[in-house]
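Notes follow the structure.
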Amino acid sequence: MGKYRNIIFYVATIIFFSCLMYWFFVEGKTLEIGENITPNKATGNTMWENFTDSFLSNLHHPLALLLAQIVTIILVAKLFGWICMKLKQPSVIGEMIAGIVLGPSLFGLYFPELSAFIFPTESLGNLQFLSQIGLILFMYIVGMELDLSVLRKKAHDAVVISHASIIIPFALGVGLSYFIYKEFAPEGIQFSSFALFIAIAMSITAFPVLARIVQERNLHKTKIGTVVITCAAADDITAWCILAAVIAVVKAGSFSGSIFVIIMAIVYVFIMIKAVRPFLHRIAESQKGKGFISKALVAVFFLILIISSYATEVIGIHALFGAFMAGAIMPENVKFRNLFIEKIEDVALVLLLPLFFVFTGLRTQVGLLNDPHLWKIGGFIILTAVVGKFVGSALTAKFLKLSWKDSLTIGALMNTRGLTELIVLNIGYDLGVLGPELFTMLVIMALFTTFMTGPCLDIINYFFKGKKSSLEEEDHDDNDAKYRVLLSFETPESGSTLLKLADNLTNKMNGNKSVTAMNIAPVDELHAFDIEDFEKEQFKNVIETSQELKLEVTTLFKASTDIENDLTNISNKGNYDLLLIMLGKSMYEGSLLGRLLGFTTKIINPEKLLNTVKGKSNIFNNSPFDDSTLQILDNTNIPVGVLVDRDFNSADRVFIPIFNLSDFYLLEYAKRLINNNNSQIIILDVAGQIRNNIEVKELIRSIEQVAPNHITLYNEKQIEKEFLQSQDLMLISKKSWRGLIDSKSLWLSDIPSTLIISNP
């Protein structure tokens, strides 16, 4: 009876309270007598018609419409971002293009009814305000990414280039305004206001995009990388201060009318630096040593952000300047900034910022440029922007006695305008300084100057081949006879484990080996101010382990937007003999829903579809490897060792099952382990093919002659559990491991660690 007690209580409770509610509803009907009850509105004659009318009404509800817009925007932005990453372009360019594609220039032109349904005019106000919140958070992050201590130490090296890269395009922008004012200035806008906005649009540099490009191309360790980051940081601060003054002048209508606004702005900056910044510094000091920030402190920082943005908006220099300033005065403790950035970055950059791109795209009407004359003006605007920023920065750097390669590299990077340019243009559009036609031309200019950065850097490197990149510094001529191992790791712990395995394979080779430990980090997760600390932290365990093993290791760090492709390219071009990686775990494994989502992800993944069409892979193939590992295995031209780690320490006892003739290449690795680590090798002839193959028997006999008692051949198919558990490592081919997975072999649970080796 005791086991039914809970069930009886549950059923009795449901029945009793259901009856009680029914009685209240019946008695409640009597309360309606004498009341003017409005009957339910029904637009249809049937239940189905009522339902469809209600459903259509819900589709047009502002909240439902906003959510549909967000889903559409994120999907399209990520698709175009992915395409741009494959073209070796920053993903922000793809997101900018996605905004234009969803606007009247393409989507609205060819699908006007669907565009009007998803982006009706009355809904754009909600989209604009939400995108403005995203911009405020973004500018807060941009401010935090600026390392003011580096600026103070190295500004003297870069301040001339930085200010020249502003004043030259600024002057050219004013000159450009003189020629286009009559034709493109909106009615009632003074020349000074118009010229100042065109000038600032010519002068801007996108610091966040530039920093990502510098990281991805491994320039951050070079002198040129340091100089250009410092230039861009100084440029960013100067340009935003100038923009604040320009906004004040435009809103006041004249220079004299803006004096009070500028004075208030100076007072605001003084208060932020002298009062708010020390207060935030004391808060950071109180949190030193802690790995988290309490919600109360997060609330304090958000309040300062919002109050700062509110103050600058009320003063008349735009809320975004306040957000930028709030980020710039954040405590300079790198870990503290990182903790706070992590709390807001994903929401700001992934969810809210794409809304701004699309809102900009809805304003961009390429169809307005329907005359060759307008395209000529657009080309002239692009030429002015490139000459002012690219040529101006490059010539200034050359004047300071930098090499032509470094000077042109600085020019190409400083010409990157990106998202920051779109922010300036939207402010000008909102203030009525820029008309629709000129706004569209300037958006195209922003896209063009950002897109040209990558190809320009490639061309510069092509014409100046004197110095090799950091990935090609090793002299391969001396290393052709060496056995070269590359290990790629994600976490410091996995790097240490893979290094132990590499040592087992090469320990006694002395000068005839080369081991390189590589860490490739996603560029979007790194910030210009903490990349050196991040790299040191990643390689700390590897360096300590190499010292314990007395193993000379070359370290290689790279920031990337496409980790798998960069890893395979480095492996294929680096003349390596073996690549060692850890087996990743798919996020979709472990549940029916997860596998369903994993299959859905493969279907909507453009790369998976392309590979399926080309015959390289199959989206219906349920591989035991995670997508990242599978991509590496499919695209590398060298053997890949994938370690399934279960507290691996040393390969003293190694078990090698041979399932068919194609697995015999594993004996080469068995021989290496015996020669370099004195490993005990157990070979299991699962299919009974070894004793029938003279060539393989001779190979085993030759190994036994060099190292007697180190290799044992088993013919039994059944292996005891205790024997498997006593082994340190199972060495197995990719194909055979797949067979064990499919058959759900008990070996997988009994072997401590497994090294799966492919044979390309």
Sub-4.5 Å side-chain heavy-atom contact between V261 and M264:
no
So, do S91 and C84 sit near enough that their side-chain heavy atoms are less than 4.5 Å apart?
no
Test: ring pair (Phe, Tyr, Trp, His ring centres under 6.0 Å). Region: residues 98-120. Which pairs qualify, not counting sequence neighbours?
H60-F117, F107-F111
Using distance alone, with no hydrogens and no angle criterion, decide if Q69 and S123 have a side-chain donor and acceptor under 3.5 Å apart.
yes
CG/L243 to OG/S203 distance, rounded to the nearest 0.5 angstrom?
10.5 Å
Taking T205 as the fixed residue, which of R417, E421, K389 is the one that meets the side chain to side chain donor-acceptor pair (under 3.5 Å) rule?
K389
Give the intermediate values and the outcome of side-chain hydrogen bond (donor to acceptor under 3.5 Å, both in side chains) for residues T453 and T416.
CA-CA 6 Å; T453 303; T416 303; 2.8 Å; yes
Between S308 (side chain only) and G322 (backbone N and O only), is there a donor and an acceptor less than 3.5 Å apart?
yes
With sequence neighbours left out, what residues match E437 under side-chain hydrogen bond (donor to acceptor under 3.5 Å, both in side chains)?
none
Checking the side chain of W404 only, and the main-chain atoms of K398 only, is there a donor and an acceptor separated by less than 3.5 Å?
no
What side chain to side chain donor-acceptor pair (under 3.5 Å) pairs are there with at least one residue in residues 309-320, not counting sequence neighbours?
none
Is it true that the side chains of D235 and S162 contain a donor and an acceptor less than 3.5 Å apart?
no
